[in-house]
Structure formats: C-alpha cells, structure tokens
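This is a predicted model, so every value here is computed, not measured. For ligands, and for the atoms within them, numbers begin at 1 and follow the listed sequence. All values below come from the heavy atoms of this structure, side chains included, with hydrogens, waters and symmetry mates left out.
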Amino acid sequence: MEKIFTVRLSENQAAVEIIDQTLLPNEIKYLKLRTAEEIFEAISELRVRGAPAIGIAAGFGMYVLAQKIPFEDSVEFHAELSRLGNFLISSRPTAVNLSYAVKRMLNAANGKDKSFALPMLYEECTKIYDEDRAMCRAISENGLTLVKDGDGILTHCNAGSLAASEYGTGLGTLLLGKEKGYNFRVYSDETRPLLQGARLTSFELNHAGIDVTLICDSAASMLMKQGKISACFVGCDRVAANGDTANKIGTRSVAVNAKYHNIPFYVFCPSSTIDFGCKTGADIVIEERSGDEIKTKFFERPTAEAGVNCWNPAFDVTDAELITAIVTERGICRYPYTESLRELFGE
Ligand code: MRU
C-alpha cells in the first residue's frame, strides 16, 4: 500500500490536505480544505483527529485563511485572523494543541502588515509540523527504554501517525521498536463509540507489520488478569500541571484496571499537550458529543430506541496517581508530576 499522510499543506499552499479518517479503514480518500467552515467541519466531525494532528491542521489552516484576508493593514489583518482563529478553536474544546497552534500563529503575525505577516505565518505552521515530528521521534526513543522485546502492550484509542505526524506518540514506541527489530504483541481496545482503536489503530499497526489483536474495551481487564499485558500505552489531549490527563473516554477505566493488576500505565505526551494553565483535571473542559454516535453511527439498525437518553463524553480525566509515568520528548516524568513536569519544562 502506498504511504498515507495525515495532514499537510497543499503544494500550491491554498489548502490543508487531510486523509478523511471517518472513512478508514474501508476507503482512502484525501480532502482539500480551503475555507474556515471546511476546516471547522473536518475537525469537529473527526475527519482529522488526535490532539497533535488537529493542532497541525489548525496551524496550516490559519496560513491558508490568512492569504485570503482582504486587509493589508496590521490592525485589521490581525483582528480578522483572531476571529478566524477563535472560530477554529471552538471546533473542539478538549485538546489543548488546537488553541496552542492558533496562538502561535497569531503571535507570529502580531504587529505586521499582511505582506510581512504571510512569510512569518508560513514559517510558523511549518515549524509546528516539524517540531511535532521531532517530538514524536524523541518520545518514541524515550518510550523504548520502558519496554522489552516480546512485551504485550494494551492501547486505547489511536495515538499513532494518524493522530500526529510520522510516528505519533502512544504508538510511536511500537512503530519505532518494530523498525529496530522488537516484536510486540499489541492489544487494541476498539474504543467505543467512535472505534478509533478498531478503525485506525489496528489498521496502522497491521500495515506496519506489528502483531495486533483487536478487543472490545470490556475485555481489557480479563487480558490483564491472564498476565498478557506488560504495559498500557496511551496518548493524551491535555495534561494539567499536576499530571491529571484528559484522553479518550475509557482511558481512566484502563488506568484503574492497570493499577489493580499492578501493570504500568504510561501516558505519551508532547510538550504541546501540557497545559500549565490548568492546575488540575477539574479545569479541563470535556467535550460532549451526540448520543447518535452511541446508538446509530456504526450500526445497520439503531441499538436503542430513539427516545432513549444517552450521555456521550468524548474524553475522561485519568487521575495523576494512576499514571506510572508521563513520557515526553525531554524525558520521563514520574509522580508527583507538579514537580517533575515543572523540572523538565519550567513554566
Ligand atoms: O476524539 P479523538 O479521536 O480526537 O481522540 C484522540 C485521543 O484521545 C488520542 O488518544 C489523543 O488525542 C492523543 S493523539 C497522539
């Protein structure tokens, strides 16, 4: 199969190009996003998803949109760019990478007329992408110090190259390890209700030649009891200053189960996902999505009556005490995270 890409700037720089992840694994289709509405829709519908990937898409998106702003003067240009940035940020609330990328783009343009701002914006969005690649690589190298050949790894949701650039975060260690000759046995939670584990993680690992077994989320505890899991690997959408970590709904259950079975639970986190502005997980806004994703989205016929109430939070917060280590590009942090994160990243 030809190598796929997750998100990039089009050759003529007039569009953000993404693979439409809602169609995977059945169809490989790329989209060109040219307007703020198209970028917003692609992020909110999870055509592009995963914290780093939506940050990269927003960075490229701001550059694409900036070129079309009809004002040359720095004040009017920046006001319109801020309006567009706020619109993009409102597409999904939980992953901090989105607002992080938009803020970087706004800072790059600050105080400059359009013609001076555009080259700076191009440089900044390219930097966001390149930095993510470098961070994912370093995170993956650091992760390899925590595992050995033959380990059984449980993962939840998708934190691979479809969620970031190149290696990804949570799956990066597995992809890099494969290149270096490690053989892992990976168990992928299907990840209800949007099935990122089934549709994306097992697709990615399968194509990378990694031994992957798809399980229902509810089977994870049994696997742990049977001794098949050496470690749990997950990504994250926002890490608070004390290490509380927002990630895909169900992550906290994996962590609680891992604690009970004495299995290390690792969070893989680029610095772009740490939010020192959130003191604890209680400050993280959790996205709630339509109940139709639970009842109808992936089924031929509804699984519940139309009138049945649903609660569909897209993320949960794993308490810092449940996390064995947070693996970053600068090194591996251990509890208590308020100190260890600040030691590595300052503030
Ligand atoms: O709703 P999604 O698919 O965007 O959720 C993604 C996750 O929860 C990932 O684990 C997280 O963004 C880390 S990606 C490196």
Among all residues two or more places apart in sequence or in another chain, which pass the side-chain contact (heavy atoms from CB on, under 4.5 Å) test with C125?
F60, Y63, M105
Salt bridge (Lys or Arg N to Asp or Glu O under 4.0 Å) with E293: of K295, K297, R289, only one passes, and it is R289
CD/E27: more than 12 non-hydrogen atoms of other groups inside 6.0 Å:
yes
Hey, mind stepping through D211 and R185 against salt bridge (charged side-chain N to carboxylate O under 4.0 Å, His left out) and telling me if it holds?
CA-CA 5 Å; D211 174 351; R185 288 170 294 105; 5.9 Å; no
Once you restrict both partners to nitrogen or oxygen, which atoms of ligand 1 have a protein partner under 3.5 Å, and how far apart are they?
from, atom 1, to, atom 2, distance (Å)
ligand 1, 1 (O), R92, NH1, 3.3
ligand 1, 1 (O), R92, NH2, 2.8
ligand 1, 1 (O), K248, NZ, 2.7
ligand 1, 3 (O), R49, NE, 2.8
ligand 1, 3 (O), R49, NH2, 3.2
ligand 1, 3 (O), Q196, NE2, 2.9
ligand 1, 4 (O), G50, N, 3.0
ligand 1, 4 (O), R92, NH1, 2.8
ligand 1, 8 (O), D237, OD1, 3.0
ligand 1, 8 (O), N247, OD1, 3.1
ligand 1, 8 (O), K248, N, 3.2
ligand 1, 10 (O), N247, OD1, 2.6
ligand 1, 12 (O), A51, N, 2.9
ligand 1, 12 (O), D237, OD1, 3.1
ligand 1, 12 (O), D237, OD2, 3.1

Which pairs pass ring pair (Phe, Tyr, Trp, His ring centres under 6.0 Å) with one or both residues in residues 4-25, sequence neighbours excluded?
F5-Y30
All salt bridge (Lys or Arg N to Asp or Glu O under 4.0 Å) counterparts of R49, not counting sequence neighbours
none
